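Following: one structure in structure tokens, then a few remarks.
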Amino acid sequence: MRVCDRVRLSRGPFQARPSGFRDCDQVGWGGRGPAWRRDGQREGSGCALTPGLEGRVGSLRPFGSGPDDPGGGGVAVQRGRSPRQLRASSEVRRASSRSGQSCLIQAPAVPSAGAQTPSPWGRRRQSRLPGSRIADPGIRKKPAMDLGDRASSSPPPNFRRRLHFLRKSQGAALSAPLVGGEVAEPVAREDLAADPPRESRVEVMDDKPGPGPVSETSEFLFSFGVIADIQYADLEDGYNFQGNRRRYYRHSLLHLQGAIEHWNTEGSPPRCVLQLGDIIDGYNAQYKASEKSLELVMNTFQMLKVPVHHTWGNHEFYNFSRNYLTNSKLNTKFLEDQIVHHPETVPSENYYAYHFVPFPQFRFILLDAYDLSVLGVDQSSAKYQQCLKILKGHNPNSELNSPQGLSEPQFVQFNGGFSQEQLNWLNEVLTFSDTNQEKVVIVSHLPIYPEASDSVCLAWNYRDALAVIWSHRCVVCFFAGHTHDGGYSEDPFGVHHVNLEGVIETAPDSQAFGTVYVYSDKMMLKGRGRVPDRIMNYKRENAFRC
Ligand SMILES: Nc1ncnc2c1ncn2[C@@H]1O[C@H](COP(=O)(O)OP(=O)(O)O)[C@@H](O)[C@H]1O
């Protein structure tokens, strides 16, 4: 990867102080394309060039530019390349949009994760989704965005030293991670493996080729399960909003049972299971079946022999208020880890987020992607008014669930965002993990990386979350649900973004869950059914290679 000519860190009201910002070449973000209405008619025109890539100074419009917006830790990268050069150098990929829109995503000029990471099972897997609509090939330019004060923000601490180090190291493989601009000792393998099972094996599904030999130096440590968007309801099959994806409301419970049976009988049981949100469907509320359905699904989870961590998604809020959820079995905060003498790593009660340690030196962080949301909050509350203002400020549609015409299509009612308070807390936890050489896995219902997700499904202020994560070296991967179609990308800083395929849109003869096998040098997602396998190497140093 090339070190960019210049990197700018845009700073807004975002208070978290990054412990060091890594350089990157270019980051691509989802654009907007023509929309198809339910009746199949097309609305709107061709795809817009990705915001920020059309000017000579690449820019990502930072969230939080207004007084009511949270965050503002967006990044601006890539200078001195014309739109034509950018288009020529960037792989233009098409991705489907759940809104029925198609969009073009400008992939980074650097080799993308899909290209860098050899497919573990011999096939190259992409985040390109089945059934995607192809975007209009005509690319419409938008005027460059005004960065205002942010463009002239000073670079992060240690930036110059870091850049100097990177330039000096061009061509040389960096094996040691950076901490605060200094070269740190590599994490010793022994440190990672306090008491791991002495085995190096991965189960292989019959329908997939084997993963190939696991390196002899790679030591298996532990595993965990992942499952997303169960959306159970006692209803006949239906369809998604666009009417093109079948939803198996009843069968989703059987899929869950199958996953639990699998995890319960694995030779080396997973340490825990991560439930990525939308456990029951919003339709339950209409039929006044919310509590009954939740009970049914939770009773099924009772069969699981290991702890389950529940994330909250939009469908949780269609069924229940935030207050209700806080006092329900869906609140698994009691499983949190408390770090003695580090009160800054204790989450506030204002959002549903916590961290835990399933295995020594591995910290998992569960985030609340609806911390800023109009869902589940009392409409008379100040928070509701604040969130509605943010949403309406970015979405002028009368139907706030519609992304039609939006330059930032993630600003829809069924999404939400992270408050500054939560981002500051995340920054503190990641700082602790950096200092203690921990590896971190982050979980959220909403995805935050455009390359791995439909742009309509991203968290409102996904850039702020990325800015925090990218300012630390400890994060290995970010698991999200919500899209149902799945997706994957390794970002330029070596963070693997996995969007898990949703159970609700999984046919009865298939499956949708996975087990992640954690090794001393990588994580391997073994997908079941329509969940693809992934190898996620701990390769943060790649972000600094030329
Ligand atoms: N393009 C859209 N325009 C208007 N409403 C939409 C649109 N997409 C989704 N919705 C509405 O938003 C809500 C959430 O959508 P849904 O597809 O059920 O979300 P999820 O993918 O989380 O299951 C539903 O009430 C749905 O009707």
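Values in this document were obtained by computation on a predicted structure and should not be read as measured data.
Contact of the Ile279 side chain with the Leu330 side chain is registered, since non-hydrogen atoms from C-beta on lie closer than 4.5 Å. Between Asn461 and Phe418 there is a side-chain heavy-atom pair separated by less than 4.5 Å. Under the 4.5 Å side-chain criterion, counting only non-hydrogen atoms from C-beta, Phe301 is in contact with Leu256. Taking the side chain as every heavy atom from C-beta outward, Phe513 and Arg530 never approach each other to under 4.5 Å. Two residues are said to be in side-chain contact when any heavy atoms from C-beta on lie closer than 4.5 Å; Asp485 and Asp454 fail this criterion. Taking 4.5 Å as the limit, some side-chain heavy atom of Thr300 sits within range of a side-chain heavy atom of Ile260. Two residues are said to be in side-chain contact when any heavy atoms from C-beta on lie closer than 4.5 Å; Ser252 and Arg247 fail this criterion.
In summary, the side chains of Gln422 and Asp371 do present a donor paired with an acceptor at a separation below 3.5 Å, with no hydrogens or angles considered. A donor-acceptor contact closer than 3.5 angstrom links the side chains of Ser433 and Glu438. Side-chain atoms of Ser455 and Tyr462 include no donor-acceptor pair closer than 3.5 Å. Donor-acceptor pairing under 3.5 Å is lacking for the side chains of Asn499 and His484.
Remark: Lys439 qualifies as a cation-pi partner of Tyr538 under the 6.0 Å distance and 45° angle criteria applied to the six-membered ring.
Residues that satisfy the ring pair (Phe, Tyr, Trp, His ring centres under 6.0 Å) test with Tyr370, not counting sequence neighbours, are Phe317. His355 pairs by the side-chain hydrogen bond (donor to acceptor under 3.5 Å, both in side chains) definition with Arg363, not counting sequence neighbours. With sequence neighbours excluded, the residues satisfying ring pair (Phe, Tyr, Trp, His ring centres under 6.0 Å) with His497 are Tyr449, Phe478. Under the side-chain hydrogen bond (donor to acceptor under 3.5 Å, both in side chains) criterion, Glu236 pairs with Arg250, not counting sequence neighbours. Not counting sequence neighbours, Tyr248 has no partner by the ring pair (Phe, Tyr, Trp, His ring centres under 6.0 Å) test. For Phe364, the ring pair (Phe, Tyr, Trp, His ring centres under 6.0 Å) partners at least two apart in sequence or on another chain are Phe224, Phe356.
Pairing each heavy atom of Ala512 with each of Ile227, the nearest pair is O-CG1, 3.8 Å. Between Ser290 and Ile280 the shortest heavy-atom distance is O-CD1, 3.4 Å. Minimum interatomic distance between Gly486 and Glu501 (heavy atoms only, all atoms of both residues): CA-OE2, 3.5 Å. Asn284 and Ser293 get closest at one heavy-atom pair: OD1-OG, 2.6 Å. The minimum heavy-atom distance linking Leu372 with Trp460 is given by the pair O-CZ3, 3.7 Å. A pairwise comparison of heavy atoms in Thr483 and Cys457 identifies CG2-CB, 3.7 Å as the closest pair.
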**OP:** Kindly indicate, with the supporting measurements, whether the criterion side chain to side chain donor-acceptor pair (under 3.5 Å) is fulfilled by Ser348 and Glu421.
**Re:** CA-CA 8 Å; Ser348 137; Glu421 188 187 18; 3.2 Å; yes
**OP:** Dump the intermediate steps for side chain to side chain contact (heavy atoms under 4.5 Å, CB included) on Leu276 and Asp229, then the final yes or no.
**Re:** CA-CA 7 Å; Leu276 302 175; Asp229 299 281; 5.8 Å; no
**OP:** Take Leu253 and Leu296, measure what side chain to side chain contact (heavy atoms under 4.5 Å, CB included) needs, and give me the verdict at the end.
**Re:** CA-CA 9 Å; Leu253 196 64; Leu296 197 55; 3.8 Å; yes
Subject >> His309/Tyr354 under ring pair (Phe, Tyr, Trp, His ring centres under 6.0 Å): CA gap, chis, key distance, verdict >> reply: CA-CA 10 Å; His309 295 263; Tyr354 63 91; 5.8 Å; yes
Subject >> side chain to side chain contact (heavy atoms under 4.5 Å, CB included) between Ile469 and Ile448, intermediate numbers included >> reply: CA-CA 10 Å; Ile469 289 168; Ile448 60 165; 3.6 Å; yes
Original post:
Could you walk me through whether Leu325 and Asn331 pass the side chain to side chain contact (heavy atoms under 4.5 Å, CB included) check?
Top reply: CA-CA 6 Å; Leu325 289 170; Asn331 183 346; over 6 Å; no
**OP:** Under the salt bridge (charged side-chain N to carboxylate O under 4.0 Å, His left out) rule, what do Arg528 and Asp533 come out as? Steps first, then yes or no, please.
**Re:** CA-CA 8 Å; Arg528 304 283 153 178; Asp533 305 320; over 6 Å; no
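The side chain to side chain contact (heavy atoms under 4.5 Å, CB included) test with Arg246 singles out one residue from Asp237, Asn240, Thr506, and that residue is Asp237.
Using bins of under 30°, 30° to 60° and over 60° for the plane-to-plane angle, the ring pair His482/His445 lands in the perpendicular bin. Ring geometry, Phe493 versus Trp470: the interplanar angle falls from 30° to 60°, so the pair is classed tilted. Taking the six-membered ring where the residue is Trp, Tyr287 and Tyr283 present tilted rings, their angle falling between 30° and 60°.
Two rings, from His315 and Phe414, have their centers 6.0 Å or more apart.
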